[in-house]
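Reviewing the structure listed below.
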Amino acid sequence: MASVKHDRVENGQTPTWINYIGGEWVDSHGGRSIDVLNPASGELYARMHAATADEVDRAVSAARAAVKTRALYEMPPHARMSLLFRIAIELRAMSEEIVPVLVGENGKSVSFARDEIECAAQYFEYYGGIADKVFGKSIPLGGGYVDYTQFVPYGVSAQIVPWNFPLEIAARSVAPALACGNAVITKSPELSPLSMCFLAKACERAQVPRGYFNLIAGHGSDVGEALVAHAGIDQIVFTGSIETGRRLLHHAAEKIIPMVAELGGKSAGIVYPDADLAAVVKSAAIGIFAHGGQVCSAGSRLLVHESVHDELVEGIAAWIKTRTMGPGLEDHFFTPLISEAQRDKAEGFVTRAVEEGATVATGGSRPAGRRGFYMQPTILTGVTPAMEVNQREVFGPVLSVLKFSEPEEALEIANGTEYGLAAGVYTKDLSRAHWTADRLEAGTVFVNQWFAGGNETPFGGFKKSGYGREKGVEAMANYQQTRNVAIRL
Ligand code: NAD
């Protein structure tokens, strides 16, 4: 087993975590670090060394050198498969060590943290399972020729990860990238950079060839920008907001390299009057309140047929009372938001919605007398399509409820934003479910259960929610390109 030099150093009371570049754990020479706060208390939890521009350069050089060795590309496919499986094994082996760190830096519950680690491990198994089943075609050209296609990795994959599911989203892109033979540089999110160090540790322990996985931390505006602007990268894989995505697309255009854009959402669930309302209550509540609504595919809008509107709103308000609020370490359902700014942002949306005429059915603000970045689960009724809260992503525990009377009207409201990440339909009538799903402008449609799907199902946006598909077999297309070889015999 490769030795782990040190992934963190004790610095007085505050542990300081470091970057992983070219197969080594490195202290940043810039002397800058990021304060990582515990969302449940607002107190300093740890420090993370921020990479310098030189270190970004070093990570790109390490990745370029790795690609040049062709070590992963020429590895027998079954060996690449085993390598990815070993990463999964190493991640699972560290699970109980990762859980408190992920909870401590991110605020999420122990249960959600465990699920995230398991999901991350499963990505390596899923793409490990595909790694030895990638092959091109033989194309007949008539006598005197042999023609075949090959799948070729892009080379150096620069990956930028958001803070809501740092480990899971990193694994979602790193696993298929390695399965295809690319070298990866991942920039962790500044608010939640620590748990991803375990991914680097798993890669090290699994003996991923030197330079094929690099992890750097830092703010988007300098370290992220230095990475995506670097001339030595061959693709960008970005998961985050529309605003940042747009900026990164300029960098991709400048270099003429491909970019995967997994951006935000404002997803609507349509509730027809024949739906199983008890099931809708639970599904819709989990759809918006899981991890405080800090989920790209959160069901932040519920479009309810007028005949069942009141019953459903009362049902969700009652469901909220069956769950408790508190620190993730105690495994409460309603855990704090990631930061003070995120909580203030969610509160601001509610205030402005009320000014525009919406009604707070429950919640609406931060809970009184609590430290940390808590926000009450909130239901807004009387929301209309033009309101800001119906049009813009809150990324917090705020459910907007709108009424409709005709299916066409529901579709118009659901499709009436610039987003197109996910959508949902609740009905017992399969024909109506299909009719609706087929008209929803979204890359994912959930029928009768929000978040249905898994690592196996493709995920990505229509419209400004982005393009490219992560997850599933489809994601392989992001990480390899086709070369045609035509031979005149
Ligand atoms: P963000 O865009 O602010 O940041 C995302 C990442 O980009 C961070 O690592 C940040 O440091 C980096 N970044 C910021 N500016 C940069 C720059 N100029 N150059 C390079 N990197 C830069 O988003 P966020 O607040 O971290 O995440 C929330 C957003 O992510 C929401 O909109 C959410 O819907 C979206 N999201 C989408 C998916 C998906 O799969 N579609 C998944 C999770 C989150």
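Just so you know, ligand 1 is whichever comes first in the structure, and atom 1 is the first atom listed for that ligand. Quick note: residue numbers are just sequence positions, from 1.
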Going by heavy-atom distance to [atom], choose the closest among [options].
| atom | options | result |
| --- | --- | --- |
| atom 36 (N) of ligand 1 | Ser267, Cys296, Gly224 | Cys296 |
| atom 4 (O) of ligand 1 | Leu227, Val228, Thr444, Thr244 | Thr244 |
| atom 19 (N) of ligand 1 | Pro193, Gly220, Gly264, Gly218 | Gly220 |
| atom 44 (C) of ligand 1 | Leu421, Asn164, Val223 | Asn164 |
| atom 30 (O) of ligand 1 | Ser339, Gly461, Gly240 | Gly240 |

Ignoring angles and geometry beyond distance, decide whether Glu262 reaches within less than 3.5 Å of ligand 1 through its nitrogen or oxygen atoms.
->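 Min N/O separation from ligand 1 is below 3.5 Å for Glu262.
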Which heavy atom of the protein is the closest neighbour of [atom], given with residue, atom name and distance?
| atom | answer |
| --- | --- |
| atom 31 (C) of ligand 1 | Glu393 OE1, 3.4 Å |
| atom 23 (O) of ligand 1 | Ser241 N, 3.5 Å |
| atom 41 (N) of ligand 1 | Leu263 O, 2.8 Å |
| atom 25 (O) of ligand 1 | Trp163 NE1, 3.1 Å |
| atom 12 (C) of ligand 1 | Ile160 CG2, 3.5 Å |
| atom 28 (C) of ligand 1 | Phe395 CE2, 3.5 Å |

Considering only NZ, NE, NH1 and NH2 on the basic side and carboxylate oxygens on the acidic side, decide whether [X] and [Y] come within less than 4.0 Å.
| X | Y | answer |
| --- | --- | --- |
| Glu393 | Lys266 | no |
| Glu90 | Lys201 | no |
| Arg469 | Glu262 | no |
| Glu418 | Arg392 | yes |
| Arg32 | Asp222 | yes |
| Glu340 | Lys345 | no |
| Asp234 | Arg64 | yes |
| Glu118 | Arg92 | yes |
| Glu190 | Lys187 | yes |

I'd like to check which ligand 1 atoms, numbered from 1 as shown, lie under 4.0 Å from a non-hydrogen atom of [X].
| X | result |
| --- | --- |
| Thr239 | 5 (C), 37 (C), 38 (C), 39 (C), 40 (O), 42 (C), 43 (C) |
| Lys187 | 9 (O), 10 (C), 11 (O) |
| Glu190 | 8 (C), 9 (O), 10 (C), 11 (O) |
| Arg172 | 39 (C), 40 (O) |
| Pro162 | 26 (O), 27 (O), 43 (C), 44 (C) |
| Leu248 | 17 (C), 19 (N), 20 (C) |
| Glu225 | 17 (C), 18 (N), 19 (N), 20 (C) |
| Phe238 | 2 (O), 5 (C), 6 (C), 7 (O) |

Region of [X] that comes within reach of ligand 1 [heavy atoms, distance under 4.0 Å]:
| X | answer |
| --- | --- |
| Val161 | backbone |
| Glu470 | neither |
| Glu243 | neither |
| Lys471 | neither |

Flag the pair Ile160 / Thr186 as yes when at least one side-chain heavy-atom distance between them is below 4.5 Å, and no otherwise.
->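 Not in contact.
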Heavy atoms, side chains only, cut-off 4.5 Å: are Cys197 and Met48 in contact?
->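 Sidechains of Met48 and Cys197: in contact.
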Just by distance, do the side chain of Glu356 and the backbone of Glu388 share a donor-acceptor pair under 3.5 Å?
->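 The answer is yes, because a donor-acceptor pair under 3.5 Å joins these two groups.
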Heavy-atom contact under 4.0 Å between Phe165 and ligand 1?
->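 Judged by the 4.0 Å heavy-atom criterion, Phe165 does not count as contacting ligand 1.
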Among pairs that include at least one residue of residues 155-175, which meet ring-ring contact (aromatic ring centres under 6.0 Å, His included), considering only residues two or more places apart or in two chains?
->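 Every ring-ring contact (aromatic ring centres under 6.0 Å, His included) pair that includes a residue of residues 155-175, provided the two are not neighbours, is Trp163-Phe395, Phe165-His291.
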Applying the side-chain contact (heavy atoms from CB on, under 4.5 Å) test to Thr417, which of Arg301, Glu441, Lys464 qualifies?
->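 It is Arg301, the one option of Arg301, Glu441, Lys464 that forms the side-chain contact (heavy atoms from CB on, under 4.5 Å) with Thr417.
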Excluding sequence neighbours, so at least two apart, what forms ring pair (Phe, Tyr, Trp, His ring centres under 6.0 Å) with Tyr154?
->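 With sequence neighbours excluded, Tyr154 shows a ring pair (Phe, Tyr, Trp, His ring centres under 6.0 Å) to no residue whatsoever.
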